[in-house]
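Below, chains carry the letters A, B, ... as their sequence lines are ordered, and counting in each starts from 1.
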Amino acid sequence: MKSNFFTFNVCQEVELPLVIQKIQTSFPNISIFLFEGDLGAGKTTFIKYFIQSFGVKQEVQSPTFSIANLYEIEGLKILHADLYRLKDENELIETGIPDLLAIVDFAFIEWYERILPWIEKNAIIINIQVMENEKRRLTCSIYNP
Amino acid sequence: MAFLILAIETSCDDTSVAILCDKVILANVVSSQLDHSQYGGVVPELASRKHLVNLQIVLEQALYQAQISLIDIDAIAFTQGPGLLGSLLVGINYAKGLSIALQKPLIAVNHMEAHILAHWIDYTPELPFLCLTVSGGHTCLTLVQKNPLNHQVIGRTLDDAAGEAFDKIAKLLGLPYPGGPFIDKYAQQGQPIYNFPKPQIPNYDFSFSGFKTYIKNFVNNFSAEQVQQELPNLCCSIQNAIVNILIDKFFKAIQDLKPKSVGIAGGVSANSTLRKKVQELGNTLQIPTYIPKFEYCTDNAAMIGITGYYKLLSQNFGDLGTVPYAR
């Protein structure tokens, strides 16, 4: 089940840390964030700021090719995955991502549809829409499995 | 005395096994490029990342090509990381099983270092050696000093890899995914008539995400028919722009660090413009420039084997407690 929650209008990339702070404050118990939006909408850019907000200093690189990137900071395990290149459920299982989901503290997943059967607790779906003049509209909704 | 090294690579999409006699490649079998005619039997189509299914078939093919038996092997090299943990575990555990059964030592290899060591298969670059590694998943500049295993990464992408930029921009142009090679193909028929702003990134780092978004907006000004019509010029301009971003940093690093030789590695080194411009750069700066054979540039086990060989010479062995690392 998916229910709309709230929307942010973002004009510039520099506003992202503030938006992320608001999302973290509004959903303190959420650890899984699922992303939708076209190629170039800014999914990876948004996640980069989110992961850096935990204090991760290393570069948050795109996981499109590697499929999953893991970060560790002060005992926190953070998963950043992109399921774009996976063709079916079996491929997803073989990546080990469903197993990782159970042990990480935070998960950020792009092209997430295939992993929904493994999501057992409430998650946030963040939809990123490209508006006029390169602005973005972020719509957060709760996914309730 | 020569060493026979078995090498296993399962870090990402392809399953690969190579067999080396010291530095000589006796076999280098990659699941996606299996030569069905060479095998003495029926080989099924091998799917991406099905390492557990693929490994036995690829190994048998490698032994067949090298004309050796498993018991002749002196050491087993495998990719420890970076890569997908699930994929790495298959290769690592397979290697450990072989190590126990054959009573031969293990050698753990870093996949990114192996891309660079691929140069040592056919050449012996003079050190310090500066390498630009460009693939679907990686873009970095590495300085190799003192010995072939002494690596220092001096620059990397802050977001997308160059190969990924090619693939995703190809998709924006309506080409199939992954479409890097299609961009190269259309670029041959076009002229670089469009200019795009260069990302301003400090030091030796790269960024392609903003460039991708810029192209997306740029292409939005065209109708679908115009994109079709202008495809050669668009591809040529985009390819030139991406290659120039890479070459500019490479040039800057060569000027600053003054290596004795340079090279490129990774799957994108198949790109015709990149090859041409790297060679031109080497000629202009009068510095020896190496580009490994294409089969050693994409993900392959031969590069794991050559790295294993140098680690074996320095008695740098792994053990049954070796665990994979994702990054």
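Looking only at heavy-atom pairs under 4.5 Å with chain B, the residue among A:V130, A:D38, A:L70 that has the most is A:L70. Of the listed residues (B:G86, B:G136, B:G83, B:A47), the greatest number of heavy-atom pairs within a distance under 4.5 Å of chain A belongs to B:G136. Most heavy-atom pairs under 4.5 Å with chain A, from the set B:D160, B:T157, B:D167, B:L172: that is B:T157.
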Inset, instruction - For B:K168 and A:T64, run side-chain hydrogen bond (donor to acceptor under 3.5 Å, both in side chains): C-alpha distance rounded to whole Å, both residues' side-chain angles, the deciding distance at 0.1 Å, then the answer. - result: CA-CA 10 Å; B:K168 288 190 170 171; A:T64 303; 2.8 Å; yes
Legend entry - Evaluation steps, side chain to side chain contact (heavy atoms under 4.5 Å, CB included), between B:S209 and A:T45: CA-CA 8 Å; B:S209 177; A:T45 304; 3.9 Å; yes
Inset, instruction - Run the numbers on A:N90 and B:K50 for side chain to side chain contact (heavy atoms under 4.5 Å, CB included), then give the verdict. - result: CA-CA 9 Å; A:N90 283 336; B:K50 294 261 186 266; 4.1 Å; yes
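Nearest heavy-atom pair across A:L39 and B:K216 is O-NZ, 2.6 Å. When all heavy atoms of B:C12 and A:F65 are compared, the closest pair comes out as SG-O, 3.6 Å. Minimum heavy-atom separation, B:T213 to A:R136: CG2-NH2, 3.8 Å.
Interface residue A:S66: only backbone heavy atoms are found under 4.5 Å from chain B. For a residue to count as touching a neighbouring chain, one of its non-hydrogen atoms must lie under 4.5 Å from one of that chain's; by this rule A:L100 touches chain B with the side chain only. Proximity to chain A is limited to the side chain of B:Y177, based on heavy atoms less than 4.5 angstrom apart. Of the atoms belonging to A:E13, not a single heavy atom falls under 4.5 Å from chain B.
Between B:R49 and A:R85 there is a side-chain heavy-atom pair separated by less than 4.5 Å. By the 4.5 Å heavy-atom criterion applied to side chains, B:T139 and A:Q61 are not counted as neighbours.
The distance from atom CG of B:L89 to atom CD of A:E94, rounded to the nearest 0.5 Å, is 12.5 Å. From B:L85, atom CG reaches atom CD1 of A:I67 across 12.0 Å, with rounding to the nearest 0.5 Å.
The 12-atom threshold is exceeded at CD of A:E113, counting heavy atoms of other residues, nucleotides or ligands nearer than 6.0 Å. Residue-environment remark: CZ (A:F35) exceeds the threshold of 12 foreign heavy atoms within 6.0 Å. By the neighbour-count criterion of 12 heavy atoms within 6.0 Å, atom CD of A:E59 is densely surrounded, having more than that number from other residues, nucleotides or ligands. Within 6.0 Å of CD1 in B:I201 there are more than 12 heavy atoms belonging to other residues, nucleotides or ligands. Counting heavy atoms of neighbouring residues, nucleotides and ligands inside a 6.0 Å radius, atom CZ of B:F182 does not exceed 12 of them.
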